[in-house]
Each structure stands twice: as C-alpha cells, then as structure tokens.
Amino acid sequence: MANQNDQHNIRNIGIIAHIDAGKTTTSERILYYTGTTYKLGNVDDGNTTTDFMPQERERGITIQSAVVTASWKGYKINIIDTPGHVDFTAEVERALRVLDGGVIILSGVEGVQAQSETVWRQADKYHVPRIVYVNKFDRVGADYEKTVQSIREKLGARPAIVQLPVGKEDSFSGILDVLSGKKLVFSDPTGETFETVDPDAGESAAIAKARDQLIEAVADVDEEALEEYVATGTMEVDHIKPALRRATIANLIVPVFVGSSFRNRGIQPLLDGIVDYLPSPLDVKPAIGRIPGIDEKIEVTSNVTGPLVALVFKIVADPYVGILSYIRVYSGTMKSGSYVINVNKGDKQRVSRLLRMHANKREDVEELGAGDLGAIVGSRDVITGTTLCDESKLIQLETMHFPEPVVSVAVEPKTKADQQKLAASLAKFAIEDPTFRIKTDEETSETIISGMGELHLEIIIDRLQREYGVNATVGEPQVAYREAVGKEVLQQGKYIKQTGGHGQYGDVVLKITPGERGSGIQFFNKTVGGSVPKQFIPAVESGVREASTSGPILGFPLVDVAVALTDGSFHPVDSSEMAFKIAASKAFREGCSKASPFLLEPIMKLEVVVPKENIGDVIGSVTARRGTIQQIQDRGHLQVVEASAPMAAMFGYATVLRSLTQGRGSYSMEFSHYQRVSDDIKDQVVAKFEGSPVKA
C-alpha cells in the first residue's frame with residue numbers, strides 16, 4: 001500500500017458550496033466509505049460528524065469549518081467542510097487559504113446559486129484548483145445539462161464532463177464513466193457496494209460523444225494533449241486522465257461529477273476524482289513568505305526535510321483541551337515537544353501536543369510533516385494568520401484579510417457575575433473569529449458586538465448562553481454605517497498650552513477632500529520649506545487616522561477621505577509629537593464637520609428563490625425595502641429574483657418571506673458595497689440613533 005505520509009499521496013481539500021447544496025451530507029458519506037466513521041449521519045437527524053455544535057445540529061447548517069482526515073486507496077485526504085451561509089464567509093476564506101484543492105458542490109436542481117458564485121470567486125483569489133460535484137440528482141427538477149451550462153455562464157469556467165447520470169429524479173440509478181466507458185449501478189441502499197457493468201447501445205453512444213467533447217476540451221488547454229490530438233485526431237484513454245489532471249491543477253478546466261449524497265450514490269467515484277485530479281502539496285505553487293524586517297519575498301517549497309514553516313489558519317476554544325490552533329505545515333516537520341518561533345510576536349513557544357483532527361474528536365500524533373493539516377494544543381498569543389517556524393530561519397507567510405463587520409448589537413449582562421463571564425467569553429470568540437469585534441461605548445459603558453450578519457450574532461449570543469452560561473439582554477441589531485465628506489475644506493488646527501517649564505505647541509493646516517469610493521483614509525504630506533518638521537509628520541498622520549474613527553454625524557468611522565498636510569508652524573522648544581497629533585486631530589474633526597458630511601450604508605446583494613405564483617408579492621416586498629431588482633430568472637417551477645437592497649431594510653425579512661410564500665421561499669444575501677444615504681433616510685437614521693448606544 002502507498003505511504004500516506006508521502007506528500008504525493010496527500011490531498012488537502014475543501015468542500016465548498018451555497019447553503020443547503022449538500023456539503024455536510026457529502027462529507028459524512030466520504031467519512032463512512034473511507035472507514036473513518038462506522039455509522040451514516042444525516043443533517044436532518046442532527047447526528048453528523050462535521051456539524052457537531054448544538055447550533056449546527058438544530059439549524060441543519062454548518063457554522064464552523066470542521067477538519068477531518070480520511071484514507072482512500074492509500075491516499076490521505078484532509079477535508080475541511082466549510083459553511084455555506086454568507087455570515088460565516090471568514091470560515092471559507094481561511095479554509096481556502098490553506099487548501100490545495102476544492103470540491104464545489106452544486107445542487108442539480110438549483111445549479112449555480114448566489115453563494116456558489118461567492119465561494120468560486122474566493123477560490124479564484126487563492127488559485128485553488130477544483131472539481132464540481134452535481135449533487136441531489138434524485139430530486140424533482142434535477143437537470144444536468146442546465147447545471148453544466150450555469151457553470152459556463154455564471155462562473156466563467158470550462159466544465160469537463162467526466163460522468164453522465166443514468167436517469168434522473170426518482171429514476172436516477174447509476175453513472176456512466178466517460179473515461180472507462182463503464183456503467184456504475186448503485187442498487188445497494190447503503191451505497192457501500194455498486195456494480196460495474198457494460199452500458200447498452202444508447203448509453204455507449206452518449207459516452208462516445210461525451211468523450212470526444214472531453215478530448216477536445218483537454219486538447220484546447222494542454223499542449224501535450226493537443227499534439228496527440230492533431231497527429232491522430234483523438235487521444236489514447238490512458239493519456240486523457242493525466243492531461244485532465246494537468247489542466248485541472250493549472251485551473252484551466254473543471255471536471256464535473258454527478259451523484260446523490262443523501263441516497264448514497266456517486267461518492268466512491270467522487271473520491272477517485274479527488275485523488276485523480278486534485279493536486280498534492282507538491283503540485284501547487286510554493287507558498288510566498290518574507291524574511292521579517294526585509295521586504296524581499298521568498299518561496300516556501302513543500303519539503304519535509306526543509307526548515308519548518310507552518311501557518312495557523314483557525315483558533316478554537318475547545319471545552320476539553322483549551323485553545324486549539326489549527327495549522328497547515330508548508331515546509332519541514334513539526335514535532336511534539338519541540339520549540340518553534342511565533343514570527344508575528346517574535347517569541348519562542350513549546351509545542352506541547354500535536355493532534356490530527358477528526359471533527360471534534362482528536363488523535364495525538366508525534367509529528368506533522370510538510371503538506372499536512374493538524375492542530376496544536378495550548379499555544380499562547382497565537383491568532384489566525386500567525387506563522388510558526390524554526391529558530392534557524394525566520395520566514396513570515398502572507399497573512400489573511402477578512403471583511404469588516406456590518407451589523408452590531410448592544411449586549412448587557414444581567415448580574416455582576418455575568419459581567420465577568422461575558423468579558424471572558426467574548427474575548428474567546430474574538431480570538432476564534434476574525435470577523436467578530438467587541439468594543440465598549442464610552443458614554444454608556446455598554447458592550448457592543450459586531451459581526452457579518454443577524455445569524456452570525458444570533459449564534460454568538462446563543463453560544464454565550466449555552467456554552468458559557470452567561471445571562472445577557474440583547475439590543476436591536478444595528479447597521480454599521482460609515483461617514484464621508486462631500487466637499488473640499490481647508491482647516492487649521494492649533495494646540496497651544498503654556499505651563500511652568502515646557503509648554504505644548506502644534507499647528508497644522510489640512511486640506512480635506514472627498515476620496516474615491518473604497519479608498520479609505522489617505523494621507524499626504526504637501527508641506528514645503530520645513531513648516532512642519534519631518535519628525536512630526538507621522539504624529540500628524542496618526543492624529544488624522546485616530547480622529548477618523550468617529551465621524552461628525554453619528555460617530556461612525558469616516559471613510560474615503562483624502563487628507564493633505566499643506567502648512568503649519570512649530571516652536572523650537574515646545575513642539576512635540578503629542579501636540580501635533582492633537583492639533584491634527586482637532587483640524588480633521590472641525591474640517592470634516594464643515595465638509596458637507598454624509599452617511600453611507602451597506603448595500604446587500606440579494607437572491608430570493610420563490611414559487612412562480614408568489615413572484616409579484618416578493619418583488620413588491622423587495623422594492624418596499626428600497627431594493628432594486630436586477631433580474632428575474634426561471635429555475636424550473638421556481639423563479640429567482642436577483643436584487644440589491646440596503647441592509648437596514650432587510651432585518652427580519654426571513655419572517656416576511658415565509659408568510660408571503662407559505663414557507664416555500666428562501667433567500668440569501670451578502671455584502672456588496674457602501675452607498676450614500678438620501679437626506680430623508682439620513683434624518684430617520686439620525687433620529688433613531690439619538691440615544692442609541694450602538695455605533696460600529
């Protein structure tokens with residue numbers, strides 16, 4: 001049997017998709033058929049391996065990405081089952097950062113959905129090669145051709161069909177393998193065994209046609225395949241698979257598989273596809289790092305005997321073993337009991353225990369080699385994105401970037417005892433989740449928590465009560481507005497303070513200009529002739545950036561402002577960094593309040609799926625929420641409304657949609673961009689926020 005620790009035989013894959021496409025069910029079947037679990041779990045029964053949190057089991061959704069290790073035909077497959085709900089997008093983001101390949105699951109009924117496009121773009125960003133698995137082919141309305149077409153049109157990808165379904169909906173009974181020319185028949189209800197038989201004449205013709213198309217697709221993107229195709233007009237079957245593997249790893253083509261995970265059909269061939277077409281750690285481009293203190297980039301090649309370089313991609317506060325740091329080893333070997341350097345902090349740490357994870361079960365291991373995923377117990381001062389490496393060669397890997405939170409709520413503990421528990425529990429959540437923020441309102445002393453959406457905060461509050469026993473009252477959800485300026489202003493700011501001995505003197509003139517949308521706060525030094533000495537320029541910028549965290553309208557952060565320091569004056573004795581920082585802060589605040597400030601609100605991209613008879617009511621409900629309809633598409637007996645709407649107007653929409661469609665409609669939304677709020681809405685927002693503690 002092949003050595004599973006040989007990097008050629010490792011596959012680090014993520015299972016990623018739109019909510020409810022069947023990610024967790026597929027992961028569950030993979031674990032069962034690879035012998036990792038001995039019982040088939042179902043999402044509906046709340047007994048799956050990867051969805052182990054009570055909140056996941058009750059809602060039937062994945063919240064935290066779970067890591068499991070399975071063995072298949074001598075290969076080690078490390079699987080991360082990621083969430084599909086947009087509120088947990090950070091979980092997908094950090095999983096993709098450390099994966100080598102991905103299985104994108106699409107529903108055979110719905111095809112490419114809103115969140116499928118989002119995860120596809122995230123996978124593009126990290127150049128993750130992927131295969132597509134068309135699931136739920138036993139469901140009414142399943143359509144293979146339409147789904148493959150949606151991959152082409154909506155994702156801009158090049159699908160390569162390697163399997164064809166036999167029948168569909170209730171009659172879906174097997175799969176035609178395009179490369180082997182065989183028919184796989186799934187008659188065993190558990191799916192553990194299936195028969196490989198010869199196809200009939202009609203099926204053989206369909207296989208031959210699909211194989212010709214597959215050869216053409218591969219020859220189009222692979223030079224070696226093209227040479228053979230031009231010379232012979234076809235390709236040897238033995239040559240198609242390696243060419244398809246090369247094209248998949250190069251992200252030029254996407255092999256497409258079909259099945260029904262719930263009915264236990266098509267999982268073993270999908271596992272073969274993971275091994276055949278997705279890359280090993282040696283097939284992907286080396287990770288990029290840099291030597292601390294030098295901007296020079298350095299490639300980290302996947303080599304077991306090289307210097308140790310590992311990335312912490314997730315932190316979990318485990319109730320049994322404490323803080324778990326999930327790692328991907330990019331180079332070298334990490335050994336239990338050894339010492340490593342936390343490059344981000346610059347300190348030395350001992351690796352007390354190393355674990356291989358099977359969702360929430362753990363297996364102690366002595367070492368983890370390059371290309372492997374695992375976890376360290378009890379690392380201190382480690383956050384998502386920390387690099388751990390050898391003392392002999394310091395390398396820092398590129399960190400991860402996460403979106404800013406868009407919703408906030410005020411949380412107030414009910415008793416004094418709850419107050420201490422609340423602070424400690426929230427601090428743990430902040431370590432685990434990089435999109436979760438905590439701050440204290442200075443005026444009211446209330447604790448404000450911010451996250452990616454209503455569900456995100458709802459889960460955190462639920463966990464506070466259940467896992468940590470904290471009793472707290474929760475305010476209404478509030479939108480994370482932003483503020484910006486509408487015109488150019490020149491503003492002077494002075495800070496002069498005379499005391500006995502040294503005084504304080506700072507004097508600046510700032511030109512405040514509206515910036516491009518999405519540009520943040522830009523600072524430029526335009527002084528001439530040393531009117532503000534060079535050593536005080538950083539203090540001026542620091543004063544501006546600090547003041548930008550609270551705008552003149554409601555105290556929300558200011559964005560998209562260009563600030564130029566044009567002039568100022570100094571005192572040879574009394575001037576200090578602090579004086580210039582205060583002067584700049586003062587000038588910026590006063591200038592912004594005169595620069596026609598306005599509010600920006602988060603606009604969400606919305607996809608609503610509804611029965612045709614309810615379409616009129618649903619369009620009305622979206623436009624009533626200041627939504628803009630972009631397009632309406634048919635999807636079998638359903639219609640899909642694509643729209644954009646302000647987040648402020650979408651709170652509680654799930655209940656409205658449920659009553660409009662008798663529970664048959666569903667929707668998903670994700671953050672799109674910030675947009676200026678009209679004056680009448682601004683007045684309403686200002687009136688609402690007067691006396692409200694929540695300011696993001």
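Just so it is clear, the structure is predicted and the values come from calculations on it, not from any experiment.
Taking OG of Ser187 as the reference point, atom CZ of Arg265 lies at 9.0 Å (rounded to 0.5 Å). Atom OG of Ser150 and atom CG of Leu106 lie 6.0 Å apart (nearest 0.5 Å). Rounded to the nearest 0.5 angstrom, Thr661 OG1 and Asn614 CG are separated by 5.5 Å.
Contact of the Ser204 side chain with the Pro199 side chain is registered, since non-hydrogen atoms from C-beta on lie closer than 4.5 Å. Considering only heavy atoms from C-beta on, Tyr133 comes within 4.5 Å of Thr26 through its side chain. Residues Lys182 and Val197 have side chains not in contact (no heavy-atom distance under 4.5 Å, counting atoms from C-beta outward). Under the 4.5 Å side-chain criterion, counting only non-hydrogen atoms from C-beta, Ile131 is in contact with Leu270. Side-chain contact between Phe186 and Leu184 is present, with at least one heavy-atom pair separated by less than 4.5 Å. Between Asp100 and Arg328 the shortest side-chain heavy-atom distance falls below 4.5 Å. Looking at Phe172 and Ser260, their side chains come closer than 4.5 Å, going by heavy atoms from C-beta outward. Between His127 and Asn251, the closest side-chain pair of non-hydrogen atoms falls below 4.5 Å.
Stacking of Arg130 on the aromatic ring of Trp120 is recorded, both the 6.0 Å distance cut-off and the 45° axial limit being met.
Here Asp283 pairs with Arg245 in a salt bridge; the nearest charged N to carboxylate O distance falls below 4.0 Å. Here Lys168 does not pair with Asp138 in a salt bridge; the nearest charged N to carboxylate O distance is not below 4.0 Å. Look at Glu169 and Arg139 and you find no salt bridge, because none of the NZ, NE, NH1 or NH2 atoms lies under 4.0 Å from a carboxylate O. Using a 4.0 Å cut-off between charged nitrogen and carboxylate oxygen, Asp372 and Lys76 count as a salt-bridge pair.
For Glu145, the CD atom is loosely surrounded, since the number of other residues' heavy atoms within 6.0 Å does not exceed 12. For Asp364, the CG atom is densely surrounded, since the number of other residues' heavy atoms within 6.0 Å is greater than 12. A 6.0 Å sphere centred on CD of Glu224 holds no more than 12 heavy atoms belonging to other residues, nucleotides or ligands. For Lys154, the NZ atom is densely surrounded, since the number of other residues' heavy atoms within 6.0 Å is greater than 12.
No side-chain donor-acceptor contact under 3.5 Å links Asp177 and Gln163. At a cut-off of 3.5 Å, with distance as the only test, a side-chain donor of Thr69 or Asn78 sits close to an acceptor on the other residue. With no hydrogens or angles considered, no side-chain donor-acceptor pair links Gln630 and Glu642 at under 3.5 Å.
Listed here is the closest heavy atom pair of Ala142 and Val109: N-CG2, 3.9 Å. Here the shortest heavy-atom pairing between Gly374 and Leu368 reads CA-CD1, 3.6 Å. Considering every non-hydrogen atom in both Val254 and Val132, the closest pair reads CG1-CG2, 3.5 Å.
Aromatic ring orientation, Tyr144 versus Phe137: perpendicular (interplanar angle above 60°, classes split at 30° and 60°).
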Practice task
Please assess Ile615 against Lys612 for the test side chain to side chain contact (heavy atoms under 4.5 Å, CB included), listing each intermediate value before the final yes or no.
Solution key: CA-CA 5 Å; Ile615 192 74; Lys612 285 182 178 170; 5.7 Å; no
Handout entry: Stepwise side chain to side chain contact (heavy atoms under 4.5 Å, CB included) check, Ile632 with Val640
Key = CA-CA 6 Å; Ile632 298 166; Val640 182; over 6 Å; no
Practice task
Please step through side chain to side chain contact (heavy atoms under 4.5 Å, CB included) for the pair Phe262 and Lys136, ending with a clear verdict.
Solution key: CA-CA 7 Å; Phe262 186 66; Lys136 302 192 175 184; over 6 Å; no
Practice task
Output, in order, the C-alpha distance, side-chain angles, deciding distance and verdict of side chain to side chain contact (heavy atoms under 4.5 Å, CB included) for Arg211 and Lys209.
Solution key: CA-CA 5 Å; Arg211 192 182 294 159; Lys209 186 183 171 188; over 6 Å; no
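Listed for the Arg11 side chain is a donor-acceptor partner under 3.5 Å among the backbone atoms of Val275.
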